[in-house]
2 protein chains.
Amino acid sequence: MTTTRVPQEQRTRAMRQRLLEATIECLVEHGWSGTSTTLVSQRAGVSRGAQLHHFPTKSDLVLAAVAHLSEVRGEELRAAAAGLPTGRRRTRAVLEMFADHFTSPVFSAALELWVAARTDPALHAAVLPLEQRVGRDAHRIAVAALGVDESRPGVRELVQGTLDLVRGLGLANTISDDTARRGRILAAWAQTLDAALEAA
Amino acid sequence: MTTTRVPQEQRTRAMRQRLLEATIECLVEHGWSGTSTTLVSQRAGVSRGAQLHHFPTKSDLVLAAVAHLSEVRGEELRAAAAGLPTGRRRTRAVLEMFADHFTSPVFSAALELWVAARTDPALHAAVLPLEQRVGRDAHRIAVAALGVDESRPGVRELVQGTLDLVRGLGLANTISDDTARRGRILAAWAQTLDAALEAA
């Protein structure tokens with residue numbers, strides 16, 4: 001019995017995974033209002049019946065995708081942080097790592113969910129705690145990557161403000177390619193941040 | 001003939017205005033996917049027939065509302081800038097003015113349109129040029145309000161980065177009340193910005 005049950009569980013897990021990834025891809029390409037369970041099952045290559053078995057409604061599917069997306073975002077950031085250079089270009093590299101994160105497809109998917117959650121109470125209840133966790137993770141990664149001491153006055157606010165700045169840059173990139181302007185702002189901010197952290 | 005035509009034109013203009021304002025209110029309260037022409041005409045107190053006469057489709061209505069919204073946003077910022085205090089609390093007041101703007105209902109409506117425009121080409125074509133105009137206006141207002149000289153190296157990037165920061169703070173406020181954290185970040189940012197502008 002064990003030998004037949006394990007592959008079945010694996011197949012089930014793989015199918016759920018494909019459905020969640022297809023949901024995120026649909027959010028990126030078609031937005032919240034263009035994402036439907038039909039489109040997701042087609043994209044995942046999963047039959048309509050199997051999809052409905054795992055996730056009976058769009059809401060079930062999206063709430064599971066919210067959790068999956070927050071995992072993916074955390075993993076992407078941790079992996080990027082592990083590859084950061086050391087030395088005097090470090091601050092600029094940290095800013096670029098976060099800017100890359102906030103202009104990536106997973107940010108677009110998260111943005112669709114945030115904005116939909118603003119006016120959808122069930123989605124809001126699911127998005128808020130996970131978003132807070134992603135925010136705390138990002139903050140911790142930033143503190144470690146910059147190698148700063150948060151017990152010194154003003155340091156915490158500088159790190160948080162930096163994350164808000166890159167989030168704002170992410171939003172500015174949503175409807176047009178803002179790469180050139182973003183590069184200039186990050187270069188200037190790296191200098192200002194280094195000076196402010198030194199003074200703090 | 002003139003005496004009857006003028007009131008008719010005024011009534012038409014007032015009706016269009018009510019429909020556009022109702023569209024923005026619907027976007028704020030129900031989001032992009034929850035905004036329908038039926039809901040807008042009910043809210044505006046305009047008959048379905050009259051609404052369809054002025055704006056045959058949701059797209060017509062929303063494209064006109066995009067232009068109306070960018071007017072409203074520009075007017076709100078210019079009015080707020082005219083009431084700014086002078087003296088050493090000026091920088092903080094400028095930051096708070098922009099933070100108020102990026103956490104206001106008109107920002108929520110604009111955010112709904114930006115995100116929907118990401119995956120809707122017709123909406124994108126309407127939103128992009130108006131958004132660029134609003135961005136240039138906000139930048140000009142910030143430069144004038146801070147009383148800075150953009151010809152000095154680094155000043156332009158500091159002003160732009162500041163606007164990106166408050167935009168990021170606006171997004172952070174979308175799904176939870178971020179007022180307390182935002183206050184701390186703006187207080188720290190005002191000091192950093194003053195020091196950086198002086199050094200520039």
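Residue numbering restarts at 1 for every chain, and letters A, B, ... go by the order of the sequence lines.
Pairing each heavy atom of B/T192 with each of A/A196, the nearest pair is CG2-CB, 3.9 Å. The two residues A/G168 and B/R167 come nearest to each other via the heavy atoms O-NH1, 3.2 Å. Here the closest non-hydrogen pair linking A/T119 and B/G31 is CG2-N, 3.6 Å. Contact record, A/G161 with B/L165: O-CD1, 3.2 Å, taken as the closest heavy-atom pair. Between B/I175 and A/H124, the shortest heavy-atom contact is O-NE2, 2.6 Å. Listed here is the closest heavy atom pair of B/W114 and A/L171: CZ3-CD2, 3.5 Å.
Under the 4.5 Å side-chain heavy-atom criterion for grouping Ile, Leu, Val, Met, Phe, Trp and Tyr, A/V155 is connected to A/L95 within one hydrophobic cluster. Criterion: ILVMFWY side-chain heavy atoms under 4.5 Å apart, direct or through other members. Under it, B/L193 and B/V148 are part of a common hydrophobic cluster. If you chain together hydrophobic residues whose side chains sit under 4.5 Å apart, B/F55 and B/L39 never meet in one group. Note on B/M15 and B/L20: same hydrophobic cluster, where clusters join Ile, Leu, Val, Met, Phe, Trp and Tyr whose side-chain heavy atoms are under 4.5 Å apart, directly or indirectly. Clustering ILVMFWY residues whenever any of their side-chain heavy atoms sit less than 4.5 angstrom apart, transitively, puts A/V143 in the very cluster that holds A/F102.
For the options B/A200, B/G135, B/S108, heavy-atom pairs under 4.5 Å to chain A are most numerous at B/S108. Contact count against chain A (heavy-atom pairs under 4.5 Å) is highest for B/Q160 among B/Q132, B/Q160, B/R184. Interface check for chain A: of the options B/E157, B/R156, B/Q191, the most heavy-atom pairs under 4.5 Å are formed by B/E157.
Proximity to chain B (any heavy atom under 4.5 Å) is restricted, for A/W189, to the side chain, taken from C-beta onward. Interface remark: A/R182 contributes no atoms to any contact with chain B (heavy atom separation under 4.5 Å). For a residue to count as touching a neighbouring chain, one of its non-hydrogen atoms must lie under 4.5 Å from one of that chain's; by this rule A/A195 does not touch chain B. The contact between B/E131 and chain A is made entirely by side chain atoms (from C-beta outward), counting heavy-atom distances below 4.5 Å. Using a 4.5 Å cut-off between heavy atoms, A/L158 contacts chain B through its side chain alone, with no backbone atom that close. With a 4.5 Å cut-off on non-hydrogen atoms, A/L27 touches chain B through its backbone but not through its side chain.
Residue A/R181 holds its CZ atom at 4.0 Å from CG of B/D164, rounded to the nearest 0.5 Å.
Identified under the side-chain hydrogen bond (donor to acceptor under 3.5 Å, both in side chains) test for residues 80-90 of chain A, with sequence neighbours left out: none.
Here the side chain of B/R118 pairs a donor or acceptor atom with the backbone of A/V28 at under 3.5 angstrom.
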